[in-house]
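Structure, as structure tokens:
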Amino acid sequence: VPTLLLVHRKDLLVKFYGGGKAPNNEGFLDLTDGASVGIIGDGVWRPGLITVATFQSIWSALSGRDPAGALQLIEQARCIVVDEGHHIPAKTFEAIMKLAKNARYRYAFSATPFKSDDQEAMFRVTAWTGPIIHLVTPAEGVAIGRLVPANIFFLSPTWPRNERLYETVTDKKGKTRLAL
């Protein structure tokens with residue numbers, strides 16, 4: 001089906017589109033072989049059956065250069081895949097998702113956990129892509145070799161410290177933070 005794979009950075013555009021041709025051979029996929037694959041971003045506008053694009057390039061075309069072409073591209077997409085899906089709540093990302101009326105299949109990937117105090121962002125992402133269908137825990141990520149176990153430690157400085165830098169203040173909600 002016509003698919004739009006959206007990323008938010010040029011390096012991700014290159015990694016998804018070029019796979020092993022990406023710098024340092026760190027490509028995620030090599031979409032240059034096989035199906036009609038297009039690329040939109042970094043000054044290139046070459047859509048295909050599967051199009052890897054930056055949100056910024058689509059937004060730029062919608063708001064200036066080629067609104068009709070960009071709108072046609074978005075409306076013909078039957079599948080939308082968003083890398084770094086936690087960015088969907090941004091107004092420009094959300095506007096593009098809103099225009100994808102015919103995208104029956106919607107997927108978003110993110111390795112950034114939602115903050116517990118920002119439930120609205122999580123609801124916005126799931127509003128455009130659907131509920132979480134698979135969650136990889138940190139332990140599972142380590143087990144499959146996609147994450148490394150983290151050792152977090154604190155080194156206490158041995159030099160004289162300026163105590164003024166480490167003063168704390170308490171806000172109205174009772175939370176304590178560093179006073180800078």
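In plain terms, the two heavy atoms of Gly141 and Val136 that are nearest each other are N-CG1, 3.6 Å. Of all non-hydrogen atoms in Gly85 and Pro89, the two that sit nearest each other are O-CD, 4.3 Å. Annotation for Lys101 and Lys98: closest pair CG-O, 3.9 Å, computed over non-hydrogen atoms.
With contacts defined as side-chain heavy-atom distances shorter than 4.5 Å, the pair Leu49/Thr3 does not qualify. Side-chain contact between Val82 and Met97: present, with at least one pair of heavy atoms (C-beta onward) separated by less than 4.5 Å.
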In a table with atom names and distances, give each donor-acceptor pair under 3.5 Å that connects a side chain of residues 69-81 to protein atoms at least two apart or in another chain.
residue: Arg78; atom: NH1; partner: Glu75; partner atom: O; Å: 3.2
residue: Arg78; atom: NH1; partner: Gln76; partner atom: O; Å: 2.9

Would you mind writing out the side-chain donor-acceptor pairs for residues 122-135 within the sub-3.5 Å range, not counting sequence neighbours?
residue: Arg124; atom: NE; partner: Glu120; partner atom: OE2; Å: 3.1
residue: Arg124; atom: NH1; partner: Glu94; partner atom: OE1; Å: 2.7
residue: Arg124; atom: NH1; partner: Glu94; partner atom: OE2; Å: 2.9
residue: Arg124; atom: NH2; partner: Glu120; partner atom: OE2; Å: 3.2
residue: Thr126; atom: OG1; partner: Met122; partner atom: O; Å: 3.1
residue: Thr126; atom: OG1; partner: Phe123; partner atom: O; Å: 3.1
residue: Trp128; atom: NE1; partner: Glu94; partner atom: OE2; Å: 3.1
residue: Thr129; atom: OG1; partner: Val125; partner atom: O; Å: 2.8

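Sorted by first and then second residue, the pairs that involve residues 45-61 and meet side chain to side chain donor-acceptor pair (under 3.5 Å), not counting sequence neighbours, are Tyr17-Arg46, Thr54-Ser57.
Taking hydrophobic clusters as Ile, Leu, Val, Met, Phe, Trp and Tyr residues chained together by side-chain heavy-atom distances below 4.5 Å, Leu6 does not share a cluster with Val1.
Put simply, CG on Asp83 and CZ on Phe55 are 9.5 Å apart, with the number rounded to the nearest 0.5 Å. Atom CG in Asp66 sits 9.5 Å away from atom CD1 in Ile40 (nearest 0.5 Å).
Ring orientation note: the planes of His8 and Phe93 are tilted relative to one another, at an angle of 30° to 60°.
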